[in-house]
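Right, one structure below, let's go through it.
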Amino acid sequence: MDPAALHELRVVEAELNERWPETKIEPSLDRIRALTDLLAEPQRSYPVVHIAGTNGKSSTTRIVDALLTGLELRTGRYTSPHLQLATERIGVDGAPISPAGYVEAYRDVAPYVSIVDSQSDVKMSKFEVLTGMAFAAFADAPVDAGVVEVGLGGSWDATNVADAKVAVICPVALDHAEYLGTDLAGIAREKAGIIKPESIVVMASQPAEAQQEIMNRIAEVDATVAREGQEFGVLERTVAVGGQLLKLQGLGGVYDEIFLPLHGEHQARNAALALAAVEAFFGAGAERQLDVERIRSAFASVIVPGRLERVRAAPTVLVDAAHNPHGTRALADALSSEFSFRKLVAVVGVLGDKDARGILAELEPVVEELVLTRNSSPRSLDPDELAGIALDIFGQDRIMVEPRLDNAVEQAIQLAEETDDPGESVSGGGVVITGSVVTAGEARALFGKEPA
């Protein structure tokens, strides 16, 4: 990447970081609406697939993006948070915006952001500005469709100034309790706020109390719904080299021989959700099916960095951004069902506002040893404190503490290669690095992976 452009990107990020971080919110759409009004409502210049939920949002967003691209639409993709570089958040044509493009998007909206700031007691947050940048960049491209991931919640998320043509609700679980609370029905109600009149809702299987709230919202605004397990779903799933082979029930019929280069049953279900969303976008249904060959080709092209991503072989090192118990359970299931490690070592770095105990408890059945560390975030939990939580889950003999992530990864690789039997091959060991999006992103960088 151009060093001068990267320098400018860092300057812009420093300016944005002077604003409220994404961990601080004031539930109002007034500021983002004021900005988009000044920008002539760019989010209304293209239809939007809007994606909410607790887990699977980023993966589903990227799969939808790949499918729409494979069907020859020009797309804009907005995701958060990023793994390595802020440019990952805003994508056009299936790829991150360039550093120069990111800077240009910021400079284009900055004068209007200043106007909004001057008219409000609370200045625009970083996420609100980024959302305005994305919507404007998509309009400028211009794109045929926006694929937009909710940042946090739904009703009060800055992205909700867009009116979804297709509203996708991924699985709802507990996370961000300090903002969304611990009432699953209330969380679902908040996330269902992206459902608007005339939206087509594509809903993953949900806990009963969450589903009821989502269905209430659908009835309230007279939206149409397609439900996993009823109108669409995974019919067959076979583990394959580098991913899995799927047979999916779509809204327009059966799509077979789908190769998805992602691991885990949860990703198969995300694939079915994404397919149904794209079918809904095009109006496919009982009378019409999407081009199966193009769908196969698009699925095969999917890239979701930091989700059970292999970054090294011998021993295998996997990186996964699971950061709550629900996501970690899906990770653990995939590790046990799709990999046959002789010994698996986990490197775990967790943010202090997350359910560290729940994350560790989900890992315990599939992990032999644990190396506890921290990432560069100021919110990162101290590894000694993390060890105190891990002690009664794993026991003292299975825990190591290594404060630096690079040293923790090196230590885990050594542990994975160790064997008690001198005659036993050291091959077959594995390492998984997880616990936080920040941890996953920094691990990708350690192994030389480029932002994607």
Side-chain angles (χ1 to χ4, degrees), residues 42-43 45-51 56-80 82-83 85 87-98 101-102 105 133-150 159 162 164-168 170 200 202 232 242-244 246 248 250-252 255-262 267-284 288-307 309 449-452:
Q43 77 280 12
S45 63
Y46 40 81
V48 169
V49 180
H50 204 179
I51 300 167
K57 294 195 303 292
S58 290
S59 294
T60 303
T61 299
R62 283 179 171 266
I63 299 171
V64 169
D65 187 41
L67 292 175
L68 291 175
T69 299
L71 293 165
E72 299 189 343
L73 291 192
R74 190 174 201 201
T75 60
R77 182 185 71 217
Y78 184 49
T79 57
S80 62
H82 60 273
L83 282 166
L85 203 61
T87 53
E88 298 166 31
R89 293 170 177 252
I90 302 173
V92 176
D93 291 330
I97 195 170
S98 68
Y102 186 93
M133 288 166 55
F135 286 151
F138 297 163
D140 288 344
V143 302
D144 300 312
V147 189
V148 177
E149 177 187 353
V150 166
T159 62
K165 175 176 182 176
V166 180
V168 181
C170 295
I200 303 170
V202 180
F232 69 92
Q244 51 193 309
L246 305 176
L248 302 176
L251 305 181
Y255 298 76
D256 62 0
E257 297 180 19
I258 301 293
F259 175 70
L260 179 70
L262 303 173
Q267 293 291 19
R269 295 174 67 179
N270 289 339
L273 190 65
L275 174 61
V278 171
E279 288 184 296
F281 182 88
F282 282 105
R288 186 168 71 87
Q289 187 177 45
L290 300 178
D291 186 313
V292 178
E293 284 303 323
R294 286 188 177 179
I295 290 297
R296 288 181 184 132
S297 177
F299 268 120
S301 74
V302 168
I303 297 172
V304 184
R307 272 68 178 181
E309 179 184 13
K449 292 288 185 179
E450 292 293 323

Calculate, to the nearest 0.5 Å, the distance between atoms [atom1] and [atom2] belonging to [X] and [Y] respectively.
| X | Y | atom1 | atom2 | value |
| --- | --- | --- | --- | --- |
| D93 | T75 | CG | OG1 | 6.0 Å |
| I63 | L260 | CD1 | CG | 5.5 Å |
| D65 | T60 | CG | OG1 | 12.0 Å |
| F299 | Q244 | CZ | CD | 10.5 Å |
| I51 | R77 | CD1 | CZ | 11.0 Å |
| T69 | R74 | OG1 | CZ | 10.5 Å |

### Query
Without hydrogens or angle criteria, can the side chains of T79 and E88 be said to hold a donor-acceptor pair below 3.5 Å?
no
Shortest non-hydrogen separation from [X] to [Y] and the atoms involved:
| X | Y | answer |
| --- | --- | --- |
| E309 | G306 | OE1-N, 2.7 Å |
| N270 | S59 | ND2-CB, 3.8 Å |
| A139 | Y46 | N-CE2, 3.7 Å |
| G70 | R294 | O-CD, 3.8 Å |
| V302 | P261 | O-CG, 3.3 Å |
| L290 | E279 | CD1-CG, 3.7 Å |

### Check: G56 main-chain N/O paired with R269 side-chain donor or acceptor under 3.5 Å
no
#### Entry: Sidechain-backbone polar pair: R89 side chain, T87 backbone, donor-acceptor under 3.5 Å
no
### Task
Test I90 against Y78 for side-chain contact (heavy atoms from CB on, under 4.5 Å), laying out the working first.
CA-CA 5 Å; I90 302 173; Y78 184 49; 4.2 Å; yes
### Task
Answer whether the closest heavy-atom distance between the side chains of I258 and R296 falls below 4.5 Å.
yes
